[in-house]
Number of protein chains: 2
Amino acid sequence: MKGLQICPKFEAAFEIIGKRWTGLIIHVLLSGSKRFKEIKDVIPEMSDRMLTERLKELEAAGILSRNVYSEMPVRIEYVLTDKGHALEPIMNEMQKWAETWME
Amino acid sequence: MKGLQICPKFEAAFEIIGKRWTGLIIHVLLSGSKRFKEIKDVIPEMSDRMLTERLKELEAAGILSRNVYSEMPVRIEYVLTDKGHALEPIMNEMQKWAETWME
DNA sequence: ATAATTAACTTACTTTATATAAGTATAATA
DNA sequence: TATTATACTTATATAAAGTAAGTTAATTAT
């Protein structure tokens, strides 16, 4: 006999933020908009390839937006949308948990 | 010039709970101890193989414990430790976010 | 003027993780 | 005796991630 299944929205949320690197990228962007290289510098173990891929996914999911400034040379900034910013309480709880229970 | 890197504990926390299925398994166990099959029934898209692997990882990480009851037939229950239970606020915030922003 | 450097990627290829399907041991039930 | 159930394991295929090198456009250094 089968019990109830998990709420599809909850599952879908995990499909996005439960991927490798995603949480860290969001964490970095919570401190303000950043350029590609600025994100890389904070998370040096992540490859360019992965950062590009995750940024595209997060943009597609409406969590961040990619802003192009037509300067010379062009400047590209990644900034959280309202939907992305709303993830802050999750990140704060993660931080608390990590400090209390890790290592 | 490189900025500050991310807190290692925070990163380590994501290595555990940011893996596929992990969050859902924890969510299920927050409602009480469960047998292998009970978890499967709530998350039917996950294979036996993945559930076995994740349960072992979570046990190794001290997030849950595997309790064997010497009945006939043997009954095995998975239950969250204090460390695992402490993840509840994260899951609650996830749920809130998912309900507000998904779909 | 040419060479080297930087940002923000892309492409090709390898390795690891996950999915799919089937099999196993032990016991209960029909 | 045959079938079903729990809690796995094993084998193999496919998808995701890692590694390394290359690209484009502009900038600074020689």
Side-chain angles (χ1 to χ4, degrees), chain A residues 1-3 5-6 11-26 28-29 32-61 63-80, chain B residues 1-3 5-6 11-12 14-26 28-29 32-61 64-80:
Chain A
M1 210 218 271
K2 304 230 164 178
Q5 283 174 232
I6 289 175
E11 247 181 291
F14 263 108
E15 293 280 318
I16 303 168
I17 84 129
K19 286 187 103 167
R20 185 147 208 219
W21 306 119
T22 301
L24 300 182
I25 294 167
I26 290 162
V28 171
L29 291 178
S33 69
K34 297 273 176 299
R35 304 181 66 168
F36 190 92
K37 192 182 183 302
E38 290 176 307
I39 302 170
K40 269 182 63 176
D41 287 347
V42 186
I43 317 168
E45 329 83 273
M46 177 178 48
S47 67
D48 286 19
R49 194 189 164 291
M50 276 296 108
L51 180 52
T52 304
E53 202 168 300
R54 287 296 176 274
L55 289 171
K56 277 183 193 161
E57 288 167 6
L58 290 170
E59 197 190 359
I63 285 168
L64 57 80
S65 67
R66 182 180 185 272
N67 297 338
V68 182
Y69 297 94
S70 303
E71 299 169 0
M72 289 300 188
V74 71
R75 182 165 55 94
I76 294 160
E77 293 215 326
Y78 295 92
V79 59
L80 293 176
Chain B
M1 209 218 268
K2 304 232 165 178
Q5 282 173 231
I6 288 176
E11 246 181 295
F14 263 109
E15 293 281 317
I16 303 168
I17 84 128
K19 286 187 103 165
R20 185 148 207 216
W21 306 118
T22 301
L24 299 182
I25 294 167
I26 290 162
V28 171
L29 291 178
S33 69
K34 298 273 176 296
R35 304 180 65 169
F36 190 91
K37 191 181 183 301
E38 290 175 307
I39 302 170
K40 269 182 62 176
D41 286 347
V42 186
I43 317 169
E45 329 83 271
M46 176 179 48
S47 67
D48 286 21
R49 197 191 163 292
M50 275 297 107
L51 180 52
T52 303
E53 202 168 300
R54 287 297 175 272
L55 289 171
K56 277 183 192 161
E57 288 167 8
L58 290 170
E59 197 190 357
L64 56 81
S65 68
R66 182 180 185 271
N67 297 338
V68 181
Y69 297 93
S70 303
E71 299 170 1
M72 289 300 187
V74 71
R75 182 165 54 95
I76 294 160
E77 292 215 327
Y78 295 93
V79 60
L80 292 177

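By convention in this document, chain letters (A, B, ...) are assigned in the order of the sequence lines, proteins followed by strands, and residues within each chain are numbered from 1.
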Of all the nucleotides listed (dA7(D), dC9(C), dA28(C)), which has the minimum atom distance to the side chain of Arg66(A)? dC9(C)

Between CZ of Arg54(A) and C1' of dA8(C) the distance, given in whole Å, is 18 Å

Exam field: side chain Arg66(B) to backbone Leu55(B), donor-acceptor pair closer than 3.5 Å: no

Please compare Leu55(A) and Glu57(B) by the position of their nearest nucleotide in DNA chain C and report the one closer to 5'. Leu55(A)

Between NZ of Lys56(A) and C1' of dA17(D) the distance, given in whole Å, is 15 Å

Taking CE from Met46(B) and C1' from dA21(C), how many angstroms apart are they, rounded to a whole number? 17 Å

Can you tell me how far P of dA5(D) sits from CD1 of Ile76(B), to the nearest Å? 18 Å

Glu53(A), nearest nucleotide to its side chain (from dA8(C), dA17(D), dA19(C)): dA17(D)

Of the candidates dA8(C), dA7(D), dT10(C), the side chain of Lys37(B) sits closest to dA7(D)

Starting the side chain at C-beta, find the nucleotide from dA27(C), dA8(C), dG18(D) nearest to Pro73(B). dA27(C)

Side-chain donor or acceptor of Arg75(A) paired with backbone N/O of Asn67(A) under 3.5 Å: no

Using whole Å, what does the distance between atom P of nucleotide dT10(D) and atom CG of Leu51(B) come to? 17 Å

Gap between atoms CD and P, on Glu45(B) and dT18(C) respectively (whole Å): 15 Å

Run the side chain to side chain contact (heavy atoms under 4.5 Å, CB included) test on Ile39(A) and Leu29(A) for me, step by step, so that the C-alpha distance in whole Å, both residues' side-chain angles and the decisive distance to 0.1 Å come before the verdict. CA-CA 8 Å; Ile39(A) 302 170; Leu29(A) 291 178; 4.1 Å; yes

Between Glu38(A) and Arg35(A), is there a side-chain N and carboxylate O pair less than 4.0 Å apart? no

CZ of Arg20(B) versus P of dA17(D): gap in Å, rounded? 10 Å

Any idea which of dT18(C), dC9(C), dA7(C) is nearest the Met50(B) side chain? dT18(C)

From the list dG18(D), dA17(D), dT20(C), which nucleotide is the closest neighbour of the side chain of Lys19(A)? dA17(D)

Measure from the side chain of Asp48(A), starting at C-beta and using heavy atoms only, and say which of dT10(C), dT19(D), dT18(C) lies closest. dT10(C)

Could you state the interatomic distance from OH (Tyr78(A)) to CD (Glu59(A)), rounded to the nearest 0.5 Å? 7.5 Å

Using whole Å, report how far CZ of Arg35(A) lies from C1' of dC9(C). 13 Å

Should Arg49(A) and Glu53(A) count as an ion pair when the cut-off is N to O under 4.0 Å? yes

Shortest side-chain distance from Ser47(A), nucleotide among dT19(D), dT18(C), dA17(D): dT19(D)

Per atom distances to the Arg49(B) side chain, the nearest of dT20(C), dA7(C), dT27(D) is dT20(C)

Is any side-chain N or O of Tyr78(B) closer than 4.0 Å to OP1 or OP2 of dC8(D)? yes

Name the closest nucleotide to the Trp21(B) side chain, picking from dT18(C), dA7(D), dA7(C). dT18(C)

For Arg75(A), which contact category applies under a 4.0 Å heavy-atom criterion: base, sugar-phosphate, or nothing? nothing

